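Here is the naming used below: chain letters follow the sequence lines, and residue numbers restart at 1 for every chain. Predicted, not measured: the structure shown is a model, and the values here were computed from it.
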Amino acid sequence: MNLIDKNRPFNFKFDGKALQGFEGDTLASALLRNKIQLVGRSFKYHRPRGIMGAGSEESNALMEIHNQGVIEPNRRANMIKLFDGLDVRSQNRMPSLNFDVMAINDFLSPFLAAGFYYKTFMWPRAFWEKLYEPLIRNAAGLGRLSTNPDPDRYDKGFLHCDTLIIGAGPSGLMSALIAGRSGARVIIADEDFEMGGRLLSDPQEIDGASGYEWVSSTLAELHSMPNVRLMPRTSVFGNYDHGIYGALEVKTDEINAQGNIKGARQVLWRIYSQNTILAAGATERPIAFANNDRPGIMLASAMRTYETRYDIDFGKYAILSNNSSTDKNRSDQTIDTRADIWIADTSGRKGLKSVTLNSGEKIATNWLGMSGGWNPNVHLTCHKRGRPKWDDVNACFCPDPNTLPDAMQVIGAANGEFTTHAAFKGAKKACANLGHKSGKSPKADDAPYEVGAFWHVKGKKRAWVDFQNDVTSKDIILAHQEGFSSVEHVKRYTTLGMATDQGRTSNVVGLAVLAEARGDSIPDTGTTIFRPPYTPVSIGAFAGPHGGQHFKPIRKTPSHKFAEENGAAFVETGYWKRASWFAKPGEQGWRDSVDREAFNTRRSVGICDVTTLGKIDVQGADAGKFLNKVYANTFSTLKVGRCRYGLMLREDGMAMDDGTCARFSDTHYVMTTTTANAVTVFRHLEFVRQCLFPNMDIHLISTTEQWAQYAVAGPNSRKLLQKIVDPEFDISNEEFAYMGCQKITVCGGTRARIFRLSFSGELAFEIAVPTRYGDTLVRKLMEAGEEFDVDMYGTEALGVMRIEKGHAAGNELNGTTTALNLGLGGFVAKKKDCIGKVLSQREGLIGDDVLRMVGFTAINPNDTITNGAHFIKMGDPKDAAHDQGYMTSIAYSPELGHFIGIGFLKGGDKRKGEELMAVDFVRNNHIKVKVVSSHFIDPDGERLRA
Amino acid sequence: MRYSALKVLKEGLTGHKGWKPAWRKPDPKAAYDIIIVGGGGHGLAAAYYLAKKFDQKRIAVLEKGWIGGGNVGRNTTIVRSNYMLHENEGFYEFALKLWEKQEQDLNYNTMVSQRGILNLAHTDPQRHAFARRGNSMILNGADAVLLDTAGVRKICPFLNFDDARFPIRGGLWQKRGGTVRHDAVAWGYARAADMRGVDIIENCEVTGFDIKDGVCSGVQTSRGPIKAKKIGVSVAGSSSRVMAMAGMRLPIETHVLQAFVSEGLKPTIPGVVTYGAGHFYVSQSDKGGLVFGGDLDGYNSYAQRGNLPVVEDVCEGGVSLIPMIGKARLLRMWGGLMDMSMDGSPIIDKTHIDGLYFNGGWCYGGFKATPASGFAFAQLLATDVSHDTAKAYRMDRFSKGLMIDEKGQGGQPNLH
Amino acid sequence: MIINHPLLGPRDAAEFVYLGDASLMQRPNPKSETAAEDFHNYQYLRNNPAGEHKELWYHEQGDRSWLVVTRNTLSHEITHVELARDVARSS
Amino acid sequence: MPNLKQTTPLDGFKQTYNGLVVEELSGFEIVSIALVGGAEKAAAKSIKTFLGAALPKPSTWVSGKQGKTIWTSPNQYFLVAETSNDRLDEEFAAQFEGQAYFTLQTDGWACLEVSGQAVYEVLERFIPLDIRKAPIGFAGRSTAHHMSVLILKTAENSFILLTPRSSSWTFLQALEEVVKNVN
């Protein structure tokens, strides 16, 4: 019984050659059907290689899938479900698979033994980067990655279940059946596109019928259960904390007529399971003998799979085995090491021609199956650093019940129970442990598995242990000779087990060779542990849909549409897109726009969307007390209808954030934070509320997005707003003084809030309406401002004006500056405690010499001041020892007609008038600057109180 | 035994019979002058410099497991000296200069490969911070170039310039940055130290300190007590556990940092690229694997393994920055224990206990520091005077308010 | 990881933000004569145990509760989860 | 001058994909309710009378005279009221002074209804919660594609998703992408 549908042929290409396969084929089986033996080259020696396995353990048959200039490298031929139009090419060869010049390495192999590169290439020094390394790099690597973006789509998702069953062989299917019948929510996943596991490959009977019939009827029943989810082509690749598993579901590799993959190519699932049954089966091992890597030599079980499931006719072939599992092979000649015969050597560079036995007998054959016994697939039991234990009888590592992840049971071959009968028994028991009763198990094969511990054939020639990475038994012995005897040292020194199969076929053989060299037993020598993922997972799948523009959300302000319509350039501020300036026709560059916006605002009026500042509603009987704790200055005394600037410290005394806080009633404050810190401040406030002062009556809720808020700044701002604000509200200087706040209505009854705040230093207001009105309000404001030549201004002009005023912002509140550094020492209230007060008084933070924020102007007014320059005293050497501070913010002031800067200078508060060098190597701009007050414009604040 | 091309040739022709163990496997002696606790990169380097530069004799390195099994064998192999604060930059530049001579110094090819490191900026404030940082680097004798977008494109044309959520606005390029074959560093120092008489004792776990009247005179180990005049502890992620045996609490939390490697690929990525807007950095090893990582998982952990959210976060950053790597496959993920200090910078200092010295708090930056850390620790152990470039790495800097906080995150280790 | 929220049941730890040792809830008395030292120890020194650890997690993508989670730093096993506010009130 | 015109976050989006309907909902007001510390019991009682339903338990919403009330945090609830009165918060504050605090939240959120047979297949690729097991009346706050979401189950194959207004277009795009991939 095979699973090939010869009525559905597929055309595909291998290295440009047109070939045909069928529905049901993998690429590997299709290549074998086309009698192709040579399919790849090894990593180091570029040895010719053929297909070695029939599943994900493959280490030789790695291919590139090509599609319209995009390459997916290193695909295992056995894991590609054949489809029409597949274009696949061999890799790591130059110029061709058949003639690979890099194969010269194979002849130089005596000099390329384990670790050779640590001992040479040291002279001359400069040659490493220039010559040796490029040579090594070009020779190494496997497939190519095209430099084109990956065009495919990926999804991610979350699944919840009572029982996750990993593997759909006899033990997994039986478990699903029992658990499913009892009503549990079951997920059963298998990396193969056909469920059934070994039952699809080994000819055997279950309850008198063929194993395949049992699989079909079981699958049919499982499909009928709504509580069972069958997930073929799904590799459960990792076990994480608390029952979380990572799984990759391959939806399709198929490319449609448009040259695309429809829908998501792969889905990365995070599976939350209450219980897990690991039924992942076992992987056959090779045997290390001289030249055991010829194309045509493969695992015996793989040959059986290709014959049975894929209907491949190998003709005559031989089997080398140390165990009873190969009894199922239909070979013409079995070489059983248990009878003291083995293979001494082989011939046939690009395809096996013959094998020579230890007796000297030479057997002509093109195909050889080898079986060195079986390794249970214990990988997922190790991901949380569980260690398997050695089973002497079965000569393999089995899961150790004492180190299993929580709520995981291991059954069947994965648990070292290799018969179908034992698989069923294991399933029954595992399900019973979960409270699922079951009837009698079907009758199945129970012939015991017997294995002789035969690992490698000693000799002078190379015998491969890790096929892909070209690690031979001699390499392992040499590593031991050089003192690399710990198994971890051997792995790192020889690269054993580091290939794309993560040592699935090589680790145990390698360990056995090492144990023999050390004269220890295998369990005393070490163990194999595995890290996720079980099989490699596309980075694209881990990224899911979050590439390109979808990397992070985009937050748009209420005036976004209006800004787009008016020439705005946007800047990323966290996830927000803020308008940085609004280009008008005729302007030559961003500076033109920014200068105009700043200048116009100071001359007449400008409008800026400040919605992105965090807004937090603070309500409660203890609101004042609470704010006194979180702000350095006092808020309990703030009068209703007033605002106050607030400086917030971290507990270590550094400035955390600043903003204003308005009081609307005895129990109601509205705090604003900087855009960048809105989230962290909220989190901090919740910490203070819940963890430090749990008995205060305080309630916090973010209203950042609830209110669209615009700054209206400039000498004409009041006049403009008077046209918008409903007449019953008085915003004259007398009735609504600087730092006032009130609830008002605008435009005929629309609810609003107005704050008399100024970041620009001009007469200014901030007006807020529910966001639903945000788009219309900005249009109304601009309409109302037409007579004043109102301008929108962006973050750049905002920055210019705040620097002109010497306000600290993000560049200064950089997490390493104290209130004192910022010139805000006076804000830390003397009488009360606040968060950060105690530690802000440490000796290193309060000396005369600490950094102080000051202003700078260029001595030559035509010089450009640059950000990030360091200050050096005139005449001092330009080195770290003489560094006096650094420039944090700079701007061209259209009002002053030259550049200005603010920065931190040691003891700067007492150094006004001093001349310094502002040293900027990376822009090659060293200029002379003078220390000045950071209040460049209207230092007495007359304008904002107007 | 000297390693050379000639020697490799000769051994190749004679069946490799002449290679000797890279280091001896001695039993511990009853007493040493100086004991280093911890056979990682830093500990082995300290032992080497003690013997080579500071003329110390009777030195032992005690390692709980096998040497190089901790972070020196688990990191993403990057070396660089691109710090902003002078207290760090001077030290890391000293390290980089030692890396540049390491192979000849040790007679071991650790594959120091200066293919450059590029830090990307995505906003003007980031570019400005890079300017400040680049200037700091140059003030400390390092190299730095501030790039605009075109400059970045020249070095890494494959980055996402056209469809990026966070557009690339420039970068800071240190040409002398690069990668080093991490395991080889441990082996190279071990071999060179061993050749100078240092006893490297594996499978020897320190279980206690002999402290009396404020003086430490030896250690208890799984292989018996060992006396010493001076004991230096250099155990990275295990710092708190080991120093607790001396009754000390440290300004350190242990966190897990995951790292990732892809399947082997032909050369694609030239140097090291660090994504300033995502949590992602990548280089390509000589074997062809993309070696990449991102942020800490973020919680205290000694488990040497992490969880899925960070894996996904890192890969999202990777694909959004370098769209072609979607088609590469992640081969292996693992975790290391980071001794995260309270300001993100290390400690190399005496303790209040005479004879007991501490080296730790390396956060995730320990690998690149290896030679300088070893050198500075050796000098401190040998002379009781801090190395010039490591003077700021004092234990008491937190009580004095002299933190060295590159990122400005304050006393929350998982944010550094 | 999964944190079993006392009010909401099991939630993916990715919804939470981690702060650190739950001793951060015991803010020293700023008026004490040893305040400088107390605050230094509070802010900077940690037991950093390899084993059971009481620690603070914030349900940022959820109900905004701060939780005290008892978790083993060697195995990541979580044995106890409480609302921090309850813990703070009872101490 | 006339009243200002309102805009909804997603411009009234509605689209059907193979029987799955994604539609923006609007025309209601959301007010947060926080119970005064120390007076929780009394406050809950009088609010119960007002709502015609007891305040919901964690992870649930309840339906009452005023609309849906959703548990959002300890001692905090969202009332989604079928009204166009945008001064609800102020009126409630006056009515329940000393018992509870209120904050207008309507404009902070975009509200989408997703309904149809395929809704579970979509949501399992969108939200980490165990949506298939959630009963009608479930309310949970979590994340979807790095964005906040408050999800309510309103009928067998029907859910309401609330997400912050500023990123709601990204949210919608992400949801659409999943819907297309599933279809």
Looking at Asn307(B), Leu147(B), Leu402(B), Val319(B), which has the largest count of heavy-atom pairs under 4.5 Å with chain A?
Asn307(B)
Chain A contact via [X] - which portion, at a heavy-atom distance below 4.5 Å:
X	result
Gln284(B)	both
Asn160(B)	side chain
Lys20(B)	backbone
Glu100(B)	both
Ala186(B)	neither
Asn135(B)	both

Kindly say whether the aromatic ring centers of Phe484(A) and Trp23(B) come within a distance under 6.0 Å.
yes
Hey, do the aromatic rings of Tyr275(B) and Phe551(A) have their centres closer than 6.0 Å?
yes
Partner of Arg531(A) under side-chain contact (heavy atoms from CB on, under 4.5 Å), picked from Arg305(B), Gln304(B), Arg332(B), is Arg332(B)
When only pairs under 4.5 Å are counted, which of Ser109(A), Ala479(A), Ser538(A) shares the most heavy-atom pairs with chain B?
Ser538(A)
Examine whether an atom of Lys460(A) lies under 4.5 Å from a heavy atom of chain B, and if so say whether it belongs to the side chain, the backbone or both; otherwise answer neither.
neither
Testing the 3.5 Å rule here: is there a donor-acceptor pair between the side chains of [X] and [Y]?
X	Y	result
Arg181(B)	Tyr117(A)	no
Glu133(A)	Ser113(B)	yes
Asn107(B)	Lys119(A)	no
Arg125(A)	Gln104(B)	no

Residues that Arg127(B) engages under salt bridge (Lys or Arg N to Asp or Glu O under 4.0 Å), provided they are two or more places apart:
none
How would you list, by chain and number, every residue that makes a salt bridge (Lys or Arg N to Asp or Glu O under 4.0 Å) with Asp920(A), sequence neighbours excluded?
Arg923(A)
Within the side chain of Glu843(A), is there an N or O that forms a donor-acceptor pair under 3.5 Å with the backbone of Lys400(B)?
no
Residue among Asp152(A), Asn148(A), Asn74(A) satisfying side-chain hydrogen bond (donor to acceptor under 3.5 Å, both in side chains) with Lys327(B)
Asp152(A)
